[in-house]
Amino acid sequence: MKRVPIKVGLVGFGTVGRGVYEILERHRALLAQRIGAPVEIKKIAVRDKSKRRGIKVPTGLFTEDYREILRDPEIQVIVEVMGGTQEAKTLALAAVKAGKHLVTANKALLALHGREVFGAAKAAQVDICFEAAVGGGIPILRALREGFVANRILSLFGIVNGTCNFILSEMSEKGADFQATLKRAQELGYAEADPGFDIDGWDAAHKLAILVSIAYGVHVPVDKLFVEGIRRLSAFDLECAKRFGFEIKLLAIAKSQGAKIQARVHPTMIPAASMLAAVRGVHNAISVEGDFVGEGMLYGAGAGSGPTASAVVGDIVEVARNIIAGIAYTVPPLGLYADKVRDAAIEPIGSLKGPYYLRFQALDRPGVLAKITSILGRHRISISSVYQNLAEEGRVVPIVVLTHEALERDVRAAVAKIDRLEVMKEKTLLIRVEENCR
Ligand code: NAP
Ligand code: HSE
């Protein structure tokens with residue numbers, strides 16, 4: 001192969017960056033055949049050059065100043081896998097302004113500053129690729145932009161955070177401890193630098209914002225999304241869910257209702273027999289319903305070095321092929337050529353309708369259940385099942401109620417009233433139920 005190599009600058013050499021380097025090294029010849037030219041990493045920016053990396057890399061490649069990569073005229077593609085938002089935004093904007101194509105795995109960057117970064121890429125007519133930002137190794141963004149392009153997307157249900165799915169699976173199957181399992185997820189390279197982003201639902205929200213942007217051709221203000229994480233879930237809730245024939249998963253959900261879009265992230269009870277309920281460990285799955293294609297699902301490893309790097313390298317190959325063909329920006333990042341992408345009109349959570357799982361923590365005294373059910377009744381909420389552990393009178397016990405379909409606004413009002421009862425000893429836990437989840 002006689003073509004000059006496509007030169008890449010890698011910013012970040014942690015879980016993902018190392019994986020990218022390994023793939024480009026190990027599959028150097030194979031990728032050159034697939035692209036039509038070799039790909040070469042010319043520089044790698046890190047915070048600390050002296051850190052032991054556990055992988056053989058010529059030391060001359062490292063720099064502690066990513067601006068060296070920006071200034072290098074030979075580097076055509078910048079791969080941002082350092083994370084964070086402020087510095088990543090500065091880097092992204094400077095990269096595209098310098099005419100370099102950008103590959104990033106940074107969902108927080110795109111969810112919060114996508115409008116600006118995409119605008120800059122369009123103005124500079126450079127490629128911006130970010131497949132690894134959602135679903136790790138699963139090519140869901142390409143599927144939405146290209147494979148499902150003929151369809152209006154009616155709904156999306158996604159398990160899009162590997163850390164949370166790993167924790168919930170371990171808790172549900174092995175009764176594992178929440179904190180210990182989170183620590184293992186961190187050691188395995190699944191969690192964000194601040195794992196609060198994972199367990200509080202924000203990482204999934206960033207991914208949902210990207211999915212919704214592509215599915216509906218809109219910008220999604222992340223602060224308009226309803227986001228709830230998994231911190232308050234207990235082994236008891238997972239156990240109870242099973243008793244009622246459900247599993248609990250952290251889901252990112254989008255549904256289109258005319259001009260309005262439902263977009264929310266929260267722990268969700270889904271039928272134990274559904275396909276998403278069978279998604280275990282770090283795996284992710286995104287179920288998409290299009291008006292012509294019907295239902296489809298993509299499944300695979302959602303985090304970790306190899307799967308994420310696989311998606312990043314897929315993007316590098318796309319950009320490299322475009323460079324050779326002398327084209328760029330042929331498929332716009334949100335799959336839409338519209339000049340003005342509108343802000344999404346997100347439905348308020350209060351107007352959601354569905355069944356709810358409510359766990360009350362109350363003193364076990366005569367008449368408590370009657371008080372709870374009476375308040376629920378006054379708010380038009382009817383009960384389908386009740387479960388209560390045997391307990392001694394005077395102790396705090398969980399009382400679980402599964403409701404029929406109710407309006408969230410009513411459920412919240414009822415729960416607020418119930419929580420003010422003197423016998424209630426903890427804030428009530430509310431989990432939404434999606435009975436028709438695939
Ligand atoms: P990580 O293991 O924490 O690695 C971050 C890397 O960036 C480190 O090598 C660090 O340098 C370097 N870095 C940080 N700030 C820098 C700066 N100012 N200049 C130069 N280098 C800097 O993170 P990661 O897990 O690989 O994740 C990277 C990105 O990919 C994040 O946006 C994350 O959300 C996304 N992502 C991760 C996964 C996953 O499974 N881990 C999956 C999908 C997407 P030092 O090594 O010297 O500290
Ligand atoms: N922290 C993320 C997760 C990494 O656990 O899913 C993959 O985006």
Side-chain angles (χ1 to χ4, degrees), residues 9-22 43-55 57 62-70 78-92 103-112 130-138 140-141 158-169 181-182 184-208 210-211 229-230 250 252 265 279 281-286 300-312 315:
L10 190 57
V11 185
F13 203 67
T15 303
V16 184
R18 259 198 322 272
V20 170
Y21 184 84
E22 264 186 277
K43 279 196 182 84
I44 303 172
V46 288
R47 250 180 320 217
D48 177 4
K49 277 208 291 186
S50 66
K51 217 186 226 180
R52 292 175 76 87
R53 305 275 166 191
I55 175 173
V57 181
F62 286 109
T63 170
E64 286 177 358
D65 181 3
Y66 63 72
R67 283 167 299 192
E68 259 187 55
I69 290 178
L70 285 169
I78 293 191
V79 177
E80 184 276 305
V81 282
M82 70 174 172
T85 46
Q86 279 320 311
E87 227 172 351
K89 179 182 160 192
T90 307
L91 166 69
V103 172
T104 178
N106 193 332
K107 51 268 169 159
L109 166 73
L110 298 176
L112 300 177
F130 47 95
E131 185 61 66
V134 184
I138 307 171
I140 178 65
L141 303 186
I159 293 176
V160 291
N161 186 272
T163 301
C164 287
N165 205 53
F166 179 70
I167 294 173
L168 293 178
S169 305
T181 315
L182 171 59
R184 272 184 54 217
Q186 289 177 286
E187 286 159 4
L188 290 164
Y190 303 157
E192 295 303 297
D194 172 357
F197 279 93
D198 296 293
I199 59 177
D200 291 327
W202 287 104
D203 177 75
H206 293 151
K207 291 165 176 167
L208 179 64
I210 295 171
L211 287 168
I230 64 167
L250 182 76
V265 170
V279 176
V282 73
H283 282 83
N284 282 191
I286 300 106
S305 186
T308 311
S310 160
V312 172
D315 281 349

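Just follow the structure's listing: the first ligand is 1, and inside any ligand the first atom is 1.
Ring pair H206/F197 is tilted by interplanar angle, where 30° to 60° counts as tilted.
There is no protein heavy atom less than 4.0 angstrom from atom 23 (O) of ligand 1. There is a protein heavy atom closer than 4.0 angstrom to atom 41 (N) of ligand 1.
Judged by distance alone, the side chain of Q186 and the main-chain N or O of G189 form no donor-acceptor pair under 3.5 Å. Panel note: side chain D315, backbone E131; a donor-acceptor pair is recorded below 3.5 Å.
Annotation for ligand 1: atoms under 4.0 Å from non-hydrogen atoms of N106 are 32 (O). The distance from ligand 2 to the heavy atoms of A191 drops below 4.0 Å at these ligand atoms: 1 (N). The K207 neighbourhood of ligand 2 comprises atoms 2 (C), 3 (C), 6 (O), 7 (C), 8 (O), with distances under 4.0 Å to a heavy atom of that residue. Numbered from 1 in the order shown, with element, the atoms of ligand 1 that lie under 4.0 Å from a heavy atom of E192 read 33 (C), 34 (O).
In D198, the part holding a heavy atom less than 4.0 Å from any atom of ligand 2 is the side chain. Only backbone heavy atoms of A132 (N, CA, C or O) come within less than 4.0 Å of ligand 1; its side chain stays farther off. Contacts with ligand 1 closer than 4.0 Å are made by heavy atoms of both the backbone and the side chain of T15. Of all the heavy atoms of D203, the ones lying under 4.0 Å from any atom of ligand 2 belong exclusively to the side chain. With a heavy-atom cut-off of 4.0 Å, C164 does not touch ligand 2 at all.
The side-chain contact (heavy atoms from CB on, under 4.5 Å) search around V282 returns Y190, A303, not counting sequence neighbours.
By the 4.0 Å heavy-atom criterion, A193 is excluded from the residues contacting ligand 1. Using a non-hydrogen distance threshold of 4.0 Å, K107 registers as a contact of ligand 1. Between G136 and ligand 1 there is no heavy-atom distance shorter than 4.0 Å. Distances shorter than 4.0 angstrom do not occur between any heavy atom of E64 and any atom of ligand 1. For G302, the closest heavy-atom approach to ligand 2 falls below 4.0 Å.
Scanning Y190, Y66, F130, F13 for the heavy atom closest to atom 19 (N) of ligand 1 points to Y66. Nearest-residue assignment for atom 45 (P) of ligand 1 (options Q86, E80, K51; heavy-atom criterion): K51. The heavy atom nearest to atom 5 (O) of ligand 2, considering only T163, L188, V134, V282, is found in T163. Checking M82, Q186, E131 against atom 13 (N) of ligand 1, the nearest heavy atom belongs to M82.
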### Task
Go through the steps to decide whether L208 and V160 satisfy the test side-chain contact (heavy atoms from CB on, under 4.5 Å), and finish with yes or no.
CA-CA 8 Å; L208 179 64; V160 291; 6.0 Å; no
### Task
Tell me, with the steps shown, if V312 and V16 meet side-chain contact (heavy atoms from CB on, under 4.5 Å).
CA-CA 8 Å; V312 172; V16 184; 4.0 Å; yes
### Message
Using the rule given for side-chain contact (heavy atoms from CB on, under 4.5 Å), can you reason through L109 versus K89, listing the C-alpha separation, both sets of side-chain angles and the distance that settles it, and then say yes or no?
### Response
CA-CA 7 Å; L109 166 73; K89 179 182 160 192; 3.8 Å; yes
### Query
Going through the checks in order, is the side-chain contact (heavy atoms from CB on, under 4.5 Å) test met by Y66 and E80?
CA-CA 10 Å; Y66 63 72; E80 184 276 305; over 6 Å; no
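In summary, the side chains of D48 and S50 do present a donor paired with an acceptor at a separation below 3.5 Å, with no hydrogens or angles considered.
The nearest heavy-atom contact from the protein to atom 6 (O) of ligand 2 is G162 N, 2.7 Å. For atom 12 (C) of ligand 1, the nearest non-hydrogen atom of the protein is G12 CA, 3.7 Å. Closest to atom 28 (C) of ligand 1 among all protein heavy atoms lies V81 O, 3.3 Å.
Residues K107 and D203 come closest through the heavy atom pair CE-OD1, 2.8 Å. Scanning all heavy atoms of the two residues, the minimum distance from L168 to L250 falls at CD1-N, 3.6 Å. Considering all non-hydrogen atoms of both residues, G281 and S169 come closest at N-OG, 2.9 Å. The minimum heavy-atom distance linking N106 with A88 is given by the pair ND2-CB, 3.5 Å. The shortest non-hydrogen separation linking G300 to I138 is N-CD1, 3.3 Å. I78 and L91 make their closest contact through CG2-CD1, 4.5 Å (heavy atoms, listed as atom of the first residue, atom of the second, distance).
At least one N or O atom of G304, backbone or side chain, sits closer than 3.5 Å to an N or O atom of ligand 1. Remark: ligand 1 and S305 share no N or O pair separated by less than 3.5 Å (distance only, no angle test). Between G302 and ligand 1, no N or O atom pair is found at a separation short of 3.5 Å. Between A303 and ligand 1, no N or O atom pair is found at a separation short of 3.5 Å. Some N or O of E87 is nearer than 3.5 Å to an N or O of ligand 1, by distance alone. For ligand 1, the polar-atom distance check finds an N/O of G189 within less than 3.5 Å of one of the ligand's N/O atoms.
Both cation-pi conditions hold for R53 and F62: the charged atom is under 6.0 angstrom from the six-membered ring centre and inside a 45 degree cone around its axis.
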